[in-house]
There are 2 protein chains.
Amino acid sequence: MPADPANGRREITVSDVAAAAKVSKATAARALGDYGAVSEAVRDRVRAAAEQLGYHPNALAKTMNTGRSNSIGIVVGDIENPFFGQATRGAADVAKAAGFDLILLNSDEEAGAEENAISVLLAKRVDGFLVAPASTTVPASLHPAVESGRPLVLFDRVADGLDVDTVVADNLAGARRLTELLVEAGHRRIAFISTIGHEGDYRLGDRLGSSSVNDRVTGFTAVLGEAGVPNPEAFVRLNARRDGVDAIVRSLVDEGVTAILASDSLVAQAAFRTLRDLGVAIPRDVSLVAFDDADWTSLSDPAITVMSQPIHEIGAEAARLLVRRIAGDGAPTEHLVFPQVLIERESIAPPPG
Amino acid sequence: MPADPANGRREITVSDVAAAAKVSKATAARALGDYGAVSEAVRDRVRAAAEQLGYHPNALAKTMNTGRSNSIGIVVGDIENPFFGQATRGAADVAKAAGFDLILLNSDEEAGAEENAISVLLAKRVDGFLVAPASTTVPASLHPAVESGRPLVLFDRVADGLDVDTVVADNLAGARRLTELLVEAGHRRIAFISTIGHEGDYRLGDRLGSSSVNDRVTGFTAVLGEAGVPNPEAFVRLNARRDGVDAIVRSLVDEGVTAILASDSLVAQAAFRTLRDLGVAIPRDVSLVAFDDADWTSLSDPAITVMSQPIHEIGAEAARLLVRRIAGDGAPTEHLVFPQVLIERESIAPPPG
DNA sequence: TTGAAAGCGCTAACAC
DNA sequence: GTGTTAGCGCTTTCAA
C-alpha cells in the first residue's frame with residue numbers, strides 16, 4: 001500500500017475519478033489536467049466527480065512524465081541573515097508568479113554543504129537553481145548543477161570559470177565610493193573587515209572566495225593606494241568569523257586605526273557594539289561605514305553611513321532570469337550588475353587629533 | 001522523451017547502471033538504495049558503474065513508491081521578517097538532520113494565499129506541514145492539510161478548534177510583565193499597537209485573528225484593568241498595517257499617551273522612528289517597550305526594553321515535533337509553550353509631569 | 001472526442 | 001543473494 005503515509009486512507013487518483021465519471025482514465029486525466037481535447041459535457045462530469053471524491057492531483061506523478069517539477073532550488077548562506085531573507089523573498093515572489101515553488105537550503109557558506117544541497121535538489125529534479133555560491137574561486141560544488149543541464153543562476157556573487165548567468169551589485173564601485181568618503185574626510189589608517197576565510201595575510205591580487213568581497217577589497221585597496229597610503233593590503237582584516245569581529249576591532253583600535261569599513265551589516269553591527277563597549281566614540285574617535293542598509297543602521301546613535309544594495313531586486317531578477325532559462329531562452333549568458341547607492345548619515349568625521 | 005528538461009540528454013537510470021554492471025534492475029536498485037541484501041562484490045560493482053555513468057537517483061520516483069517525499073512544507077507570513085527568518089532556520093536545521101528538506105511559501109498573513117500554499121504542498125506530497133497560521137480564529141485554510149492525514153504542526157500561534165500540535169511562546173505572561181513594568185513606572189495612559197486586522201474598535205473579549213496577538217492584548221488589558229484604568233480596551237490600536245504605525249503614533253501622542261507597547265519589533269521600529277521625527281524623547285516623554293529582541297533594539301538610543309522570545313527554538317521544536325509525527329508518533333496532541341524573557345534596557349521612565 | 005496501452009524511474013513482493 | 005514481475009499516478013502515443 002504505497003503512496004500513502006502512516007494513516008490508513010488511500011489518495012484519490014485519476015482512476016477513481018474516471019470510474020466515478022464513467023470515462024477512461026485518459027479522458028479523466030485530460031479533463032483534470034486541462035490538456036488534449038475533451039467535450040464540455042464530459043469535462044464537467046469529470047470535474048464534478050473529482051470535486052465530489054476530493055481528488056488532489058499528485059504533482060510528483062506528473063513530474064515523472066513531463067520531467068518538469070515546477071520547483072526551483074535556492075541555496076543561500078543562511079536564511080536567518082537579513083540579506084538572504086530579502087533576496088529569497090524577491091525570488092519567491094517572482095517564482096510563485098511563474099508557477100514555481102522554492103526548495104530552500106542553507107549552505108552556511110561551506111562548499112561541502114553546498115554540494116550536498118545541490119545533490120538533494122538534483123534528486124528532487126528541480127527545474128533550476130538559484131545559488132549564492134559559497135566559493136566563487138573553486139566552484140566545484142556547482143558542477144553537478146551545471147552538468148545536469150538544468151539552468152543555474154548565481155546571485156550576489158559570480159564564479160570564476162563558470163559560464164552561467166549572474167546577478168550581483170556593483171561592489172567595486174560601492175567600495176571605492178565608501179573608501180573615498182573616508183579618505184576625503186582625512187583618514188589614512190582605514191581598516192576593512194570581512195568574515196570571509198583566507199589563508200594567511202591578505203596580499204594584493206589574492207583572489208578571495210567570494211567575488212563580492214573580493215571586489216570590495218579591490219576597490220578599497222585601490223582607493224587607498226591612489227591616496228598614497230603605503231601597503232593598503234595591511235589594512236585588510238579577513239577571517240572575522242574565525243577570529244571574531246570583537247577581537248579584530250580591539251586590536252585595530254590599539255593600532256590607531258581611525259576608520260573602519262565593514263563588509264556587511266552583521267560585521268558592522270558587531271564592530272559598533274565593540275566600539276561602544278570600548279568607549280570609543282563614533283565618529284569622533286573612529287569613523288564607521290558599511291555595506292547594506294540594515295534597519296539598525298538608521299536607528300543607531302550615530303546613524304551609520306552605508307552603501308545600500310537592491311537586495312530584494314537582486315533576488316527577483318535572478319529568479320526572472322532563471323524562469324526565462326527554464327522556459328528555454330537560449331540567449332547568451334547574462335551578467336547583471338545593479339548599482340549600489342550611498343546613504344550618507346553621521347558616522348564619518350575627520351580623524352581625531 | 002519525458003523525464004528530461006529542454007536539453008537533449010537523458011538521465012541515467014537504475015536500468016542503465018544495472019546493464020552496465022550486468023545485474024538485474026532490482027539488484028542494482030538494492031545496491032544503490034542501500035536496502036535489501038546484496039553481496040559486497042556486486043554492491044561495489046554496481047556502485048562503480050553508477051559512479052562511472054554519473055548516476056543521480058530520482059527522488060521523485062522513489063517517492064512514488066514509498067509515499068514519502070522527505071520534504072516538509074513550511075508556510076510563513078513573510079520570510080523577509082526576521083522573526084520568520086529565525087524560525088525557519090531553526091526548523092531547517094532540525095529538518096535537515098532528520099533527512100528532510102523545506103519547501104517554503106509566504107502567506108503574507110492572508111488566508112487565501114495560505115490555502116493556496118497548502119494545496120501546492122499537498123500536490124507535492126510533502127510529508128508534513130509547518131505553519132504559522134494567518135488566521136487562528138478561522139483556520140479553514142488548514143483543513144485540507146489536516147484532512148490529508150499528513151501531520152501538521154502550528155508555530156507561533158494556536159488555532160481554535162483544531163486538534164493539532166502547537167509550539168508557541170507565553171505571550172500572555174509576557175504581555176502582562178511588560179505592562180506591569182509600565183504601570184509600576186507610573187503610567188496609566190498606555191497604548192498597545194499591532195498590525196493585525198480587526199473590524200471596528202477593539203472590545204474586551206473580541207477574538208483576534210492571531211492567537212499570539214490575542215494573548216498579548218488580553219494580558220495588556222488585564223493588567224491595565226487590575227491597575228484601575230477604566231476602559232483599557234480603548235488603548236488597543238489594531239489595523240496598523242492598514243492605517244500606518246506612523247499615523248497611529250502621531251494621534252497617540254496628541255491624545256497624551258505616555259507609553260507604548262509594540263506588539264512586534266517591526267511596529268516598534270516604526271514607532272521609534274515616528275517618535276524621533278516628532279521630537280518626542282524616549283523615555284522622557286514617552287516610554288516604549290516591545291516584543292522580540294531584534295538587533296536594533298540594543299543598538300538604538302535609547303536601547304529598548306523588550307520581551308524576548310526563543311524564536312529559533314520555537315522553529316526547531318516545531319520541526320522536531322513534526323518529524324516525530326511523520327515517523328508515526330501517535331502520542332496525544334502537544335501544546336508547547338516557551339517562556340519569554342524580559343530584557344530591561346533604557347526605554348522606560350516615569351510619565352512626564 | 002475518446003479509449004487502450006505503454007512507460008516515466010523506482011520499490012516491493014515473491015520466487016528461485 | 002539475485003532475478004522477475006507488478007505496480008505508484010500520471011501523461012502520451014496510437015487507434016478507433
Side-chain angles (χ1 to χ4, degrees), chain A residues 1-5 9-47 49-50 53-70 122-125 127 148, chain B residues 1-5 9-47 49-50 53-70 122-125 127 148:
Chain A
M1 180 214 66
D4 201 10
R9 268 157 318 125
R10 206 182 56 84
E11 304 271 351
I12 303 299
T13 73
V14 174
S15 285
D16 300 323
V17 176
K22 299 192 194 313
V23 293
S24 75
K25 209 173 57 165
T27 300
R30 283 191 271 254
L32 261 13
D34 242 351
Y35 61 90
V38 195
S39 73
E40 197 154 326
V42 170
R43 198 179 48 91
D44 291 349
R45 186 146 48 92
V46 172
R47 297 253 172 108
L53 294 176
Y55 168 75
H56 290 290
N58 184 330
L60 268 34
K62 180 173 187 170
T63 300
M64 289 285 304
N65 292 276
T66 60
R68 293 273 311 257
S69 64
N70 295 312
L122 229 28
K124 295 232 156 121
R125 297 295 191 265
D127 295 327
S148 75
Chain B
M1 181 215 63
D4 201 9
R9 268 157 318 127
R10 205 181 57 85
E11 305 271 351
I12 304 298
T13 74
V14 174
S15 285
D16 300 323
V17 176
K22 300 194 192 314
V23 293
S24 75
K25 210 173 57 166
T27 300
R30 283 190 271 254
L32 262 13
D34 241 350
Y35 63 91
V38 195
S39 74
E40 198 155 324
V42 170
R43 198 178 47 90
D44 292 348
R45 188 147 45 92
V46 171
R47 297 254 174 109
L53 294 176
Y55 168 74
H56 291 288
N58 184 331
L60 269 34
K62 180 173 187 171
T63 300
M64 290 286 304
N65 293 275
T66 61
R68 295 271 311 256
S69 63
N70 295 312
L122 230 27
K124 294 231 156 120
R125 295 297 190 264
D127 295 327
S148 76

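Naming convention: chains lettered A, B, ... in sequence-line order (proteins, then strands); numbering from 1 in each chain. Reckoned from all heavy atoms, side chains included, excluding hydrogens, waters and symmetry mates.
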Original post:
Do E11(B) and N58(B) pass the side chain to side chain contact (heavy atoms under 4.5 Å, CB included) test, and can you show the C-alpha distance, the side-chain angles, and the key distance before you say yes or no?
Top reply: CA-CA 9 Å; E11(B) 305 271 351; N58(B) 184 331; over 6 Å; no

Original post:
Do R43(B) and dG1(D) have a side chain to base donor-acceptor pair shorter than 3.5 Å?
Top reply: no

Subject >> Protein-nucleotide distance (R45(A), atom CZ; dT2(C), atom C1'), rounded to Å >> reply: 11 Å

**OP:** With rounding to the nearest 0.5 Å, note down the distance linking CZ in R30(A) to CZ in R43(A).
**Re:** 14.5 Å

Original post:
Does T27(B) place a side-chain N or O at less than 4.0 Å from the phosphate oxygens OP1/OP2 of dG3(D)?
Top reply: yes

**OP:** Return yes if some donor-acceptor pair links the side-chain N/O of R47(B) with the main-chain N/O of A31(B) below 3.5 Å, else return no.
**Re:** yes

**OP:** With the side chain of K62(A) defined as its heavy atoms from C-beta on, choose the nearest nucleotide among dT2(D), dT2(C), dT11(D).
**Re:** dT11(D)

Subject >> Atom-pair distance (CG on N70(B); C1' on dC10(C)), nearest Å >> reply: 14 Å

**OP:** Look at the side chain of A26(B) and decide which nucleotide, out of dA4(C), dA12(C), dT2(D), has an atom nearest to it.
**Re:** dA12(C)

Original post:
Given dC8(D), is OP1 or OP2 found less than 4.0 Å from the side-chain N or O atoms of T63(B)?
Top reply: no

Original post:
Toward the 5' end of DNA chain D, which comes first, R30(A) or I12(A), by nearest nucleotide?
Top reply: I12(A)

Subject >> Side chain of S24(B) (C-beta onward), nearest among dG3(D), dG1(D), dT13(D) >> reply: dG3(D)

**OP:** Give a yes/no answer on whether the side chain of S15(B) brings an N or O atom under 4.0 Å of OP1 or OP2 in dC10(C).
**Re:** no

**OP:** Look at the side-chain N and O atoms of Y55(A) and state whether any lies under 4.0 Å from the OP1 or OP2 oxygen of dC10(D).
**Re:** yes

Original post:
dT11(D), dT2(C), dC10(D): which one has an atom nearest the side-chain heavy atoms of V14(A)?
Top reply: dC10(D)

Subject >> Residue M64(B), side-chain atoms from C-beta onward, closest of dC8(D), dG3(C), dC10(C) >> reply: dC8(D)

Original post:
Passes side chain to side chain contact (heavy atoms under 4.5 Å, CB included), D44(A) versus E40(A)? Steps please.
Top reply: CA-CA 6 Å; D44(A) 291 349; E40(A) 197 154 326; 4.1 Å; yes

Subject >> Most 5' of K25(A) and G36(A) on DNA chain C, judged by nearest nucleotide >> reply: G36(A)

Original post:
Where is the tightest heavy-atom contact between N70(A) and D127(A), given as atom of each residue plus distance?
Top reply: N-OD2, 2.5 Å

**OP:** Name the closest nucleotide to the N65(A) side chain, picking from dC10(D), dT2(D), dG3(C).
**Re:** dC10(D)

**OP:** Could you tell me the separation between the CG atom of D16(B) and the C1' atom of dC10(C), rounded to a whole number of Å?
**Re:** 13 Å

**OP:** To the nearest Å, give me how far apart CG (L60(A)) and P (dG7(D)) are.
**Re:** 21 Å

Subject >> Residue-phosphate contact under 4.0 Å: Y35(B) side-chain N/O, dA12(C) OP1/OP2 >> reply: no

Original post:
Could you state the CZ-C1' distance from R68(B) to dC10(C), rounded to the nearest angstrom?
Top reply: 16 Å

Original post:
Within this structure, what is the CG-to-C1' distance between L32(A) and dT12(D), rounded to whole angstrom?
Top reply: 16 Å

Original post:
For N58(B) and dT11(C), what is the distance between atoms CG and C1' respectively, to the nearest whole Å?
Top reply: 13 Å

Original post:
Is any N or O donor-acceptor pair between the side chain of R125(A) and the base of dG9(C) shorter than 3.5 Å?
Top reply: no

Original post:
Between V17(A) and L53(A), does a side chain to side chain contact (heavy atoms under 4.5 Å, CB included) hold up when you go through it step by step?
Top reply: CA-CA 7 Å; V17(A) 176; L53(A) 294 176; 4.2 Å; yes

